[in-house]
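Working notes, structure below.
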There are 2 protein chains.
Amino acid sequence: MKAATVYDVAAHAGVSIATVSRVLRRPDDVRASTRARVLSSVRELGYVPSASARSLAARRTGVLGLFFPSIDDEDDRAEAVFEQDTLARIVVDIPDTGEVRPPNLYFDEVLRGSEREAWRHGFALMVGVGRGSDPATMVNDIAGRVDGMAVLARSVPDDLLDHVSRRIPVVLIAGPRRGDDFDHVSVSNTEGMRALTEHLLDRHRVTAPVYVAGPSDSPDDAERYLGFRQALAAAGIDPDALPVLRGNFSRVDARAIAAELVTAGDLPRALVCGNDQMALGILDVLGPAGVRVPDDVIVTGFDGIEAGRLSSPRLTTVHQPMADLGRAAMRAMLSRLEHPDQPPITARLPVKVLLRESSEGAPGA
Amino acid sequence: MKAATVYDVAAHAGVSIATVSRVLRRPDDVRASTRARVLSSVRELGYVPSASARSLAARRTGVLGLFFPSIDDEDDRAEAVFEQDTLARIVVDIPDTGEVRPPNLYFDEVLRGSEREAWRHGFALMVGVGRGSDPATMVNDIAGRVDGMAVLARSVPDDLLDHVSRRIPVVLIAGPRRGDDFDHVSVSNTEGMRALTEHLLDRHRVTAPVYVAGPSDSPDDAERYLGFRQALAAAGIDPDALPVLRGNFSRVDARAIAAELVTAGDLPRALVCGNDQMALGILDVLGPAGVRVPDDVIVTGFDGIEAGRLSSPRLTTVHQPMADLGRAAMRAMLSRLEHPDQPPITARLPVKVLLRESSEGAPGA
DNA sequence: ATTGGGAATGTAAGCGCATACAGTAGACGT
DNA sequence: ACGTCTACTGTATGCGCTTACATTCCCAAT
């Protein structure tokens with residue numbers, strides 16, 4: 001059952017392969033009667049054009065790429081449950097109080113936005129998730145298949161980016177700019193954190209907020225911390241006089257940090273976290289420890305993930321438009337494809353400060 | 001800046017294109033010294049092989065496809081925020097009490113699992129989300145680019161499936177089998193719901209649970225309802241004597257249903273919902289209305305989404321392994337690619353009944 | 001009936017790579 | 001020195017499709 005080709009269809013319909021191709025690509029160039037004949041042959045033969053051949057001939061693939069760094073905790077069961085015609089029935093009692101798998105909303109959202117935007121412009125989307133080993137193979141592989149590629153900050157080494165970008169346009173998502181070579185899409189980390197901090201300073205008279213930082217190599221965190229400092233400086237407070245707690249963006253890690261603060265007994269008036277996960281981790285500890293939020297301690301996050309809306313108290317945070325990030329990345333790429341020589345694009349998406357109970361107290365209060 | 005090709009590399013390294021190709025595909029067939037020379041040319045020219053050409057010549061693409069029906073609420077702002085070098089600073093007060101966007105965990109998870117499994121076997125993954133208009137174009141397009149394709153139940157009309165499957169193997173995810181033509185991967189909907197229902201009947205002495213159904217054309221819901229009925233029948237209860245409430249799997253819709261029940265004043269002892277979203281919608285209404293869960297009414301869901309673990313009370317539900325669904329689908333496809341003539345695969349993944357507070361009462365109680 | 005001209009179709013040349021097959025250079029044996 | 005292998009490398013073809021260009025149609029206008 002070899003797959004049918006243009007030749008088969010052409011023969012079957014009694015036309016040349018060019019006509020078959022036209023029927024599929026520019027139907028109006030073909031007389032209605034022949035078109036109908038060809039289409040019926042297509043149907044009859046189960047013909048599906050080979051995108052490989054088409055891309056090769058047309059010099060474009062119609063696919064955009066998206067590359068993520070690996071984040072999902074390598075679930076590496078070699079053999080997934082499968083092949084067993086099992087019907088399950090395992091009843092588990094009141095389980096999983098902790099977090100099972102922090103659903104990686106961030107990537108999911110970016111992906112969704114990307115897919116959507118790519119599709120709107122007639123492109124398919126190919127995703128790659130950088131697994132630990134060697135991104136080179138994968139990135140190269142994807143790069144060979146697409147017309148353009150968006151890459152999450154720091155998921156790909158610079159030299160690889162340079163290499164790949166000689167073939168196709170590359171758009172960087174989040175993180176810092178990389179020289180002036182690439183198009184770049186990010187959110188207003190600094191401005192958002194500054195606005196939030198200013199709010200705490202002005203409205204709540206906080207004088208010595210403590211920043212709970214993410215990994216020291218996170219450019220996003222660096223930008224956020226910068227906003228934090230700017231707000232302090234603008235209020236006449238010396239940022240360097242305040243301690244900074246270093247976390248790793250994870251919830252469990254933040255719990256440890258909070259636990260330490262509680263036992264040490266020196267809780268600041270406000271804990272400003274570099275992301276939501278950490279803020280949630282802190283809430284996990286503070287509540288049970290008898291520390292009231294926000295009465296005793298104000299806690300804020302950054303990202304605007306769903307879980308922060310479901311926590312109690314609900315988390316004050318800065319929401320970044322993750323899906324829009326993906327969309328903007330795709331649009332930047334498409335724009336670059338159309339105008340290869342335009343100057344580098346820099347899109348910076350606005351964020352929203354969401355004031356909720358973890359800083360404001362009961363709703364309506 | 002035309003992209004480099006094998007020819008360029010060959011010329012630059014002083015070898016033939018065959019050797020260049022060998023260096024990339026079967027390095028051991030080339031003398032170490034020439035290999036090094038070629039590789040350095042590759043680097044110098046920024047050569048990235050064209051997957052289109054390779055796929056065409058090799059007669060396989062190395063890509064697997066995954067097709068979803070459209071679920072995300074068409075966020076159709078024609079122009080996403082973008083291009084404006086805006087720095088945002090908009091402060092919003094205590095917002096969004098309702099749900100902002102039900103994160104579509106289900107697809108996200110299936111996608112994640114698929115990507116993972118595909119990658120493990122050296123394949124890239126291409127995703128397509130069926131947008132309202134006409135799936136044919138998109139499915140055909142994807143089918144032309146991949147070696148095999150997994151499709152979510154009912155996202156593609158039968159004739160299209162038949163057509164496409166003449167070119168590549170197709171695996172169906174979830175839903176009912178389609179004749180005996182396709183490989184099929186699903187979860188134990190019936191068994192899971194039956195186990196859950198039996199638990200309610202046996203352990204909680206519920207005698208007349210009411211089923212809150214999904215859309216009548218949902219095969220998943222049908223399977224679940226069947227399990228519900230089986231449990232009743234096995235307990236000597238006539239399923240047909242009990243009313244069934246019809247929802248559409250959405251949270252808002254379920255709220256309306258619950259509201260009606262509350263005002264009518266005839267709440268059953270237990271509401272068994274076809275999915276988690278609806279169960280959550282019911283919880284949304286019951287709590288504020290003064291109805292105690294589970295003391296007055298037991299509420300259960302199906303799916304095991306994250307939000308059900310974060311609700312209060314936490315939701316008793318049946319967890320289906322969504323990521324594994326994706327993985328299993330990919331494996332089925334790969335298996336089919338290796339053994340085209342093997343009999344149709346049917347994988348049925350086990351589920352887990354998770355008993356939580358919405359049926360059991362306070363933890364530890 | 002002729003002719004001009006646009007519309008419809010056919011012809012043929014790649015697109016960039018993999019690979020069967022042919023060729024070439026040493027290495028080794030006699 | 002010459003034949004024989006073995007290990008590499010080059011030649012040439014085709015994968016299935018698009019598309020510029022050439023050719024043929026068809027019909028209105030003369």
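The basis for the numbers below is simple: all heavy atoms, side chains too, and nothing from hydrogens, waters or symmetry mates. Chain letters run A, B, ... following the sequence lines, proteins first, then strands; residues in each count from 1.
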Measure the distance from CZ on A:R26 to C1' on C:dA8 and round it to the nearest whole Å. 13 Å

Any sub-3.5 Å donor-acceptor pair from A:R35's side-chain atoms to A:P27's backbone N or O? yes

Let me know the distance between CZ of A:R37 and C1' of C:dT9, rounded to the nearest Å. 11 Å

Give the rounded distance in Å between these two atoms: CD1 of A:I17 and P of C:dG10. 11 Å

Please give the angle, rounded to 10 degrees, between the axes at the start and the end of the helix from C:dA1-D:dT30 to C:dT30-D:dA1, where five pairs define each axis. 50°

Give a yes or no on whether the backbone of B:R37 and the side-chain of B:S41 come within a donor-acceptor separation of less than 3.5 Å. yes

Have a look at B:T34 and say if it touches a base, only the backbone sugar-phosphate, or nothing, with a 4.0 Å heavy-atom cut-off. sugar-phosphate

So does A:T5 get a side-chain nitrogen or oxygen closer than 4.0 Å to the phosphate oxygens (OP1/OP2) of D:dC15? no

Distance in angstrom units between A:R167 CZ and C:dC17 P, rounded: 7 Å

Give a yes/no answer on whether the side chain of B:S16 brings an N or O atom under 4.0 Å of OP1 or OP2 in D:dG10. yes

Given the options B:R120, B:H339, B:H121, B:L334 meets side chain to side chain contact (heavy atoms under 4.5 Å, CB included) only with B:H121

Of B:A58 and B:R31, the one whose nearest nucleotide on DNA chain D sits closer to the 5' end is B:R31

Find the distance A:R60:CZ to D:dC17:P and express it as a whole number of Å. 17 Å

Rounding to a whole Å, what distance do you find between B:L56:CG and C:dC17:P? 12 Å

B:R112/B:E115 salt bridge by N-O under 4.0 Å criterion: no

Phosphate contact (D:dT18 OP1 or OP2) by A:R54 side-chain N/O below 4.0 Å: yes

By the 4.0 Å heavy-atom rule, please label B:V15 as base, sugar-phosphate, or nothing. sugar-phosphate

At under 4.0 Å, does any side-chain N or O of A:R59 touch on OP1 or OP2 of C:dC15? no

SB check B:D159 A:R43 (cutoff 4.0 Å): no

Phosphate-side-chain proximity, B:S52 and C:dC15, N/O vs OP1/OP2 below 4.0 Å: no

Does any donor-acceptor pair link the side chain of A:R22 with the base of C:dG10 at a separation under 3.5 Å? yes

For DNA chain C, whose closest nucleotide is more 5', that of A:G14 or that of A:A53? A:G14

Compare side-chain N and O positions of A:S21 against OP1 and OP2 of D:dT18 and report whether any pair is under 4.0 Å apart. yes

Does the base of D:dC15 carry an N or O that pairs as donor and acceptor with the side chain of A:Y7 under 3.5 Å? no

Check this for me, if you would: do A:D141 and A:R145 make a salt bridge, where the nitrogen-to-carboxylate-oxygen distance has to be below 4.0 angstrom? yes

Report yes if a side-chain nitrogen or oxygen of B:R25 is closer than 4.0 Å to either non-bridging phosphate oxygen (OP1 or OP2) of C:dA18; otherwise report no. yes

Once you apply a heavy-atom cut-off of 4.0 Å, does A:V20 come out as touching a base, just sugar-phosphate, or nothing? nothing

Can you tell me if B:S55 uses its side chain to pair, donor with acceptor, with the backbone of B:A51 under 3.5 Å? yes

Name the residue from B:V15, B:V30, B:V38 that meets the side chain to side chain contact (heavy atoms under 4.5 Å, CB included) definition with B:R22. B:V30

Mind calculating the distance between CG (B:D29) and C1' (D:dG10) to the nearest angstrom? 14 Å

Separation of C:dA8 C1' from A:R35 CZ (nearest whole Å): 12 Å

